[in-house]
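Comments concern the structure below.
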Protein chains: 2
Amino acid sequence: MLKRSISFLRSLNLMRLREGIQATRPTSSQLHHMISERKRREKLNESFHTLKSLLPPGTKKDKASVLTTAREYLTSLRAQVAELSKRNQQLEARLPPAAKEAYNEEAAGSSNERVSVTLTQVVSESTPDQDQQIFDLQVVLRSVECCTEDMVIRILEFLKQVNNVSLMSLEANTWMSGSDSNVNRVILRLRVDQGTEWDEAAFQEAVRRVVADLALNNCRNQ
Amino acid sequence: MLKRSISFLRSLNLMRLREGIQATRPTSSQLHHMISERKRREKLNESFHTLKSLLPPGTKKDKASVLTTAREYLTSLRAQVAELSKRNQQLEARLPPAAKEAYNEEAAGSSNERVSVTLTQVVSESTPDQDQQIFDLQVVLRSVECCTEDMVIRILEFLKQVNNVSLMSLEANTWMSGSDSNVNRVILRLRVDQGTEWDEAAFQEAVRRVVADLALNNCRNQ
DNA sequence: GTTTGCACGTGGTCGA
DNA sequence: TCGACCACGTGCAAAC
């Protein structure tokens, strides 16, 4: 019914335009403008309709209501994303880092090295923050009498001096391996702020030197 | 159909009237209509502006662009929520059962205490050694700025002074809780040689004092 | 020049 | 009747 009246008005106006055909020269441009505006309007209305279809179904078909509820829904979704991301980070923080590689490495060769430091980046698709990265630092030390406490303390005190990394989680184990030589393994999950420079190899080498120095000192003491 | 003809006649009459006399009918009702429509328009534009302010900042100030980008952003946020929720569920499913209690405890009350120390004996039927016992020491510290590194270092240095306990494994996490107050949790598995005297409550109280002292010092420093 | 976009006033419909 | 809402055509800018 409404469409009918609209089209009726349209034809009426067109008739009016044709009535003044002799005095109004820019009829074609005006007509083009008119239909262009009509096209714009219907496109905008279509966008309104599709947007309303995405909103929660109890929404009024009001244009203003569509806008305001879109705004509210958007902020709500943002809050949900933030909360979920935070909770996700909490969960990931206390998730034990994968320790399978250490076992394989220990079972295989490379045991001639008393200290091994590996640094692997954790790719997490849930929190793809571009300004920070997450690394897993694994330190394995085979020594006759280097207690895990000293090792962890040394590593942590070293980490405190590096200002753009922060500790997310830490996992340390010690176990006997073969005849009276125990193996200490520490896995640290680190969050690296990407703002400053970050030399991965240099950091790894520094950790290696710290641990090797600890092993030397301890062996000299005993 | 009848209505159509009626409206047609009416509009025709109105147009005739307007053509004839233009100054006699700008009555107050038309003026009210005008300013009301103006009010409506500016309110709608305001809604447009606020909605655009919530969109990603590279958005065109076009009305249609605002609508379409709002739609895209909304679907994107929805997808993010779905993916985060799925991942969250996966993470919660594979969460170790030991950490669930701490999670609930953190979510529930008992947050009035900034430091909590619990010591539980691990009964393991696989190694029923009678001359040594295994304990799990859990330390939770809620503080605005007590980094986990210091906490672990303090606990380990304290442990080094106790001569009849040795560290088996260590697990430390830190995560944000609420507004800018992070929670540090450290779980230590200790082997206690039963030969000498072993006062469980005293040990726990000593750990609590160490951690509380650390928190005090850190709060005083900052 | 043309196209795009927007605010304006206006007439019309639908519900209190 | 009054108020809210909407579509229409048009004048007026700025941008391709």
Side-chain angles (χ1 to χ4, degrees), chain A residues 1-53 55 57-72, chain B residues 1-53 55 57-72:
Chain A
M1 175 194 308
L2 191 132
K3 285 184 184 177
R4 290 270 170 142
S5 52
I6 285 178
S7 61
F8 147 72
L9 281 180
R10 199 178 290 176
S11 64
L12 188 141
N13 281 325
L14 283 182
M15 287 179 78
R16 270 181 94 201
L17 278 180
R18 291 205 187 131
E19 198 178 324
I21 199 171
Q22 68 272 15
T24 63
R25 281 85 57 195
T27 50
S28 62
S29 64
Q30 290 284 58
L31 192 141
H32 195 49
H33 186 27
M34 195 177 74
I35 59 179
S36 175
E37 183 69 9
R38 202 180 305 216
K39 197 74 170 143
R40 181 183 99 91
R41 251 193 294 264
E42 83 180 28
K43 182 146 188 127
L44 213 147
N45 278 348
E46 180 181 337
S47 285
F48 259 110
H49 203 259
T50 56
L51 178 58
K52 181 185 59 191
S53 69
L55 292 182
T59 315
K60 290 290 184 185
K61 47 190 293 189
D62 239 334
K63 279 185 181 175
S65 304
V66 165
L67 286 183
T68 56
T69 52
R71 175 168 61 89
E72 296 172 0
Chain B
M1 177 69 79
L2 192 131
K3 286 183 182 177
R4 263 213 295 163
S5 55
I6 288 180
S7 64
F8 163 69
L9 286 181
R10 189 157 51 170
S11 67
L12 193 140
N13 281 331
L14 282 182
M15 289 176 105
R16 273 175 149 196
L17 282 180
R18 169 118 24 100
E19 265 186 39
I21 317 159
Q22 65 270 22
T24 57
R25 284 304 179 205
T27 56
S28 59
S29 68
Q30 293 282 54
L31 193 140
H32 273 175
H33 188 25
M34 195 179 74
I35 57 177
S36 175
E37 186 65 12
R38 204 184 303 225
K39 261 289 188 186
R40 183 184 98 91
R41 249 192 292 264
E42 83 180 29
K43 184 158 188 129
L44 213 146
N45 278 348
E46 181 180 337
S47 285
F48 259 109
H49 201 262
T50 56
L51 177 59
K52 183 185 58 190
S53 69
L55 293 182
T59 316
K60 289 293 183 185
K61 46 189 293 189
D62 238 333
K63 278 184 180 177
S65 304
V66 165
L67 286 184
T68 55
T69 52
R71 174 169 60 88
E72 298 171 1

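It should be emphasised that the depicted structure is a prediction, and the values quoted were computed from it without experimental measurement. Lettering follows sequence order; numbering is per chain, from 1.
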Step-by-step salt bridge (charged side-chain N to carboxylate O under 4.0 Å, His left out) determination, A:K43 to A:E46:
CA-CA 5 Å; A:K43 182 146 188 127; A:E46 180 181 337; over 6 Å; no
Take A:K63 and A:N45 through the side chain to side chain contact (heavy atoms under 4.5 Å, CB included) test and state the conclusion after the steps.
CA-CA 9 Å; A:K63 279 185 181 175; A:N45 278 348; 3.1 Å; yes
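Atom-to-atom, NZ of B:K60 to P of C:dC6 comes out at 12 Å; the value is rounded to the nearest Å. For the pair B:Q30 CD and C:dG12 P, the interatomic distance rounds to 10 Å; values are reported in whole Å. Following rounding to the nearest Å, A:L31 (CG) and C:dT3 (P) show an atom-to-atom distance of 13 Å. Atom P of nucleotide C:dG9 and atom CD1 of B:I35 are separated by 10 Å, given to the nearest angstrom. Nucleotide C:dT10 holds its C1' atom 16 Å from the NE2 atom of B:H32, rounded to whole Å.
A heavy atom closer than 4.0 Å to some atom of DNA chain C occurs in B:E37, B:R38, B:R41, B:N45, these being the qualifying members of residues 36-52 of chain B.
The backbone N or O of B:T50 lies less than 3.5 Å from a partner atom in the side chain of B:S53, making a donor-acceptor pair. No donor-acceptor distance shorter than 3.5 angstrom exists from the side chain of A:T59 to the backbone of A:L55, with no hydrogens or angles considered.
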Using a cutoff of under 3.5 Å, can you pull out all pairs of nitrogen or oxygen atoms linking the protein to nucleotides 13-16 of chain D, with atom names and distances?
none

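Nucleic acid contact for A:H33: base, since at least one base atom lies under 4.0 Å from a heavy atom of the residue.
Between A:K61 and D:dC5 there is no side-chain N or O to OP1 or OP2 distance below 4.0 Å.
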